[in-house]
Amino acid sequence: MQNSTSDYRLEMTGISKSFGVVSVLKDVNIKVKPGEIHALLGENGAGKSTLIKILSGVHQKDSGQVLLNGQEINPKNTHDGQVLGISVVFQELSLVNDLSVAENIYLHKLGSSKFWMNWKEITKNAQDLIDSLGFEIDASAIVRDLSIVQKQVVEIAKALSEDTKVLVLDEPTTVFDPKDTQKLLDNLFKLKEKGISIIYISHHLEEIFKIADTITVLRDGVDTGSMPTAETHTDHVIRLMIGRELKDLYPTRTAKIGDTPIFEVKNLTAKDNLVHDVSFAVKPGEVLGIAGLGGSGRTEMAKLIFGLYKKKSGTILLNGKEIKTSSPVEAVAHKIGFVSEDRKEEGVFLPLSIKKNISVTNFGFISNKFGFLKLDKEQENVSDLISKLNIKTPSSEVTVKNLSGGNQQKVALAKWLSIDSKVIIIDEPTRGVDVGAKIEIYNLINEVAEKGVAVIVISSDMPEIMGIADRIQVMHTGSIYGELSKAQFSEENILRYAIGKELK
Amino acid sequence: MALTIKQQLSSPRGWLNFLIKHNTIFIFILLVVFSAFISDVFFTSVNLSNLLKQVSGIGIISIGMLIVILTGGIDLSVGSMVALLAVTFAILVNTIVLPLAIILTIAIGFGLGSIAGYLVAFQKMAPFIATLALMTIARGLGFIYSKGSPITFETAGGLFMSNFANNSTLGIPNIAIVFFIIVMAAMVMLKYNVFGRLIIAMGSNEEAARLSGIKVNKYKFLVYAISGALAATAAIIVASRTNLGSPNMGMAWELDAIAAVVIGGASLNGGKGTAINTLMGVLILGLIGNILNLLNVPSYPQQVVKGAIIVFAVLLQRFETK
């Protein structure tokens, strides 16, 4: 081992990464000293997570250099990263639900040493580790039985069970209440004193300004430079995060918005998740945007309305009359449609043809009372939608698997247009869709609204939601925190509501 | 795809793809040609009608297995159900009028299948477990009700059934006609009826089906009930053929049925498979047994060959998906 002369624990220089033709990171630089808390900020999709995944070995960089203590490293997988002392707490919890807390914490070490496990010792070590963090969790409990907050703590304990040199925390406090957040931050200070370098990703600017020594802002895959926290302030950081001009992506809204709401939700509260006291109303022809950070309960709210989660209280009204949507079957019967954010798992039937995908909601129309299909009528209906939505395909028999993301999304939407839905909820309408198809989907949403449909669009993409919505409601910790009228649209205002702050 | 056969065959690569895509039919044709060459008795009407009679029972439960597998499930209970229901039918034939005995047997089959359907659809039990339990229960009940020995048909109704099952119409065995009608009904239901569309949609992506407002649980329940009713139909046929109901009938038939469905190109993950290909799978399995019998190959080597053919057919299908 040669002695390093570098002042930095970690240096990532000139990092670039593309997925296919999409360039996610362009020449990104970040340097972290021992015992430094370095905040990494940026909008959803700015490239923060990709950068971290390159550091930890999940993804491989296309170009650039990563130095750890002055030595170049190239982790090929997360295990390599762990061995080098890089521990990451990801947003998506990576715990094994059916194992105990202790087993999870030492999972990466199980099987590496001896034949026999000393469970007593492992459990005791795990308990000591958790106790040292100041949280009350039984190390022998099964992870499945823990609350989401406790799971997050276990995840952090797991990262610390290694001889960690660089600890990365990706939005660790989204599920924490202020008290737990404070505990976590206290722990970070302790780790900092031990000389561990911490990279901290968060949308909560308040936290950042409390703990970070240095801030780096990523925007569209480019870093806007690093600066000491002392030399900057909230407004400056928000400007750096946004600072982008809106291109001509969005159609002029031409739909005539009706006077009385067609769809209303009052004090809707979920039984099993964080969604509570959600109220809003949508008029025919209106596009209502739902914004909020990941984990704020947007998707859960949509699924609650659609009958996929159980309701605890609250009412849903369609045309002023109360309706019940205790299952998707009932929601669809009331002509409510839902396009899931997870297109491949929940939106389309990949191995089936376009025709079979579109017809799946519409059998009442294209079959007789014995359930036999009227094939002519089906073909007519499907061909009509293919041309109306401009789905690019040689025939309606092509399997959806072979279509591009944008065209798949159009198929997912087509099945709801096929039954003349009155309310359509679209979760992340353009995730994984190229720009050309994006514009088509925006136009489509506009056209659907023009027909008098109430459209609810959930999106993490702030320019997108400002471009297509008539009104935006921002969710924060399971409820709607505030509403923005068109005149108030700005990324700063959305972000402020999303992190639970008042507008300036 | 909307390509015509002519377009598909326009290149050498096209030929190969065509062969791979329709591999079950080609394996079937190959086997027929092969059999005809190596044995003079193969193409006699006695042998062919024997072959058809032998496969009809397993063929009928294979169709039930197909629709269960299309939803991504599995039904291990059908073999034992055949035994229990054959015993049931023999008892009923000896006690009540024939039409009622038939209807009641099929209804009991539907009811037993419903139990598995209920456990899978509404209690979220794994299909493998639920039908495994039903498999042992049905086999046990078969022995209890028959007191361990075969029950012979003793009434005029029984005689009528046994005549029906052993005779032919226009040279085709009557029970094979029943089997073919069921295959055709399944074909029509899967291709031209909402029922087929829905179970295929469910099998290819259950979550997307649920989110499309499909009553996923209802259809899951139904496929097991239908599989039970088809097991009852098979039971009536095999009992009538031999003029008795025995608790030893249908031993390991569920495995042959699964093999037939898989040789027919269906995916055990669900969403893929057709009735006509399952028919081919049934016939292929039957042919292998038949030709090996004609060649006086003992039964143990026969099992080895059967296994090898399953591996070969499924390997061929892997090329198709690439």
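Proteins get letters first, then strands, A, B, ... in listed order; numbering begins at 1 in each.
With respect to B/Ser204, the side chain to side chain contact (heavy atoms under 4.5 Å, CB included) criterion is satisfied by exactly one of A/Val400, A/Leu352, A/Asn357: A/Leu352.
At a threshold of 4.5 Å between non-hydrogen side-chain atoms, the residues B/Lys272 and A/Pro351 do not count as touching. You'll find the side chain of A/Val360 reaches within 4.5 Å of the side chain of B/Ile214, heavy atoms only.
Looking at A/Glu346, both its backbone and its side chain come within 4.5 Å of chain B, counting heavy atoms on both sides. Looking at A/Val348, the atoms closer than 4.5 Å to chain B (heavy atoms on both sides) all sit in the backbone: N, CA, C or O. Only the side chain of A/Leu375 comes within contact range of chain B, with at least one heavy atom under 4.5 Å from a heavy atom of that chain. A/Glu330 does not touch chain B: none of its heavy atoms, backbone or side chain, sits under 4.5 Å away. Both the backbone and the side chain of A/Phe372 come within contact range of chain B, with heavy atoms under 4.5 Å apart. For A/Ser359, the part sitting under 4.5 Å from any heavy atom of chain B is the side chain, from C-beta outward, and nothing else. Using a 4.5 Å cut-off between heavy atoms, A/Lys344 contacts chain B through its backbone alone, with no side-chain atom that close. For a residue to count as touching a neighbouring chain, one of its non-hydrogen atoms must lie under 4.5 Å from one of that chain's; by this rule A/Val332 touches chain B with the side chain only.
For the set B/Arg197, B/Met189, B/Lys191, B/Lys215, the count of heavy-atom pairs under 4.5 angstrom toward chain A peaks at B/Arg197. Per-residue heavy-atom pair counts under 4.5 Å with chain B were compared for A/Gly307, A/Pro328, A/Gly347, and the maximum is reached by A/Pro328.
Scanning both residues, B/Ser212 and A/Trp416, for their nearest heavy atoms gives CA-CH2, 3.9 Å. Considering all non-hydrogen atoms of both residues, B/Leu211 and A/Phe338 come closest at CD2-CD2, 3.8 Å. The two residues A/Glu345 and B/Glu207 have their closest heavy-atom pair at O-CB, 3.6 Å.
When the shell of 6.0 Å around NZ of A/Lys310 is examined, it contains 12 or fewer heavy atoms from other residues, nucleotides or ligands. Within 6.0 Å of NZ in A/Lys312 there are 12 or fewer heavy atoms belonging to other residues, nucleotides or ligands. The environment of CZ in B/Phe122 is crowded: more than 12 heavy-atom neighbours from other residues, nucleotides or ligands sit within 6.0 Å. Around the NZ atom of B/Lys124, the shell of radius 6.0 Å holds more than 12 heavy atoms that belong to other residues, nucleotides or ligands.
Once rounded to the nearest 0.5 Å, the distance linking CG of A/Asn368 with CG of B/Asn193 reads 8.0 Å.
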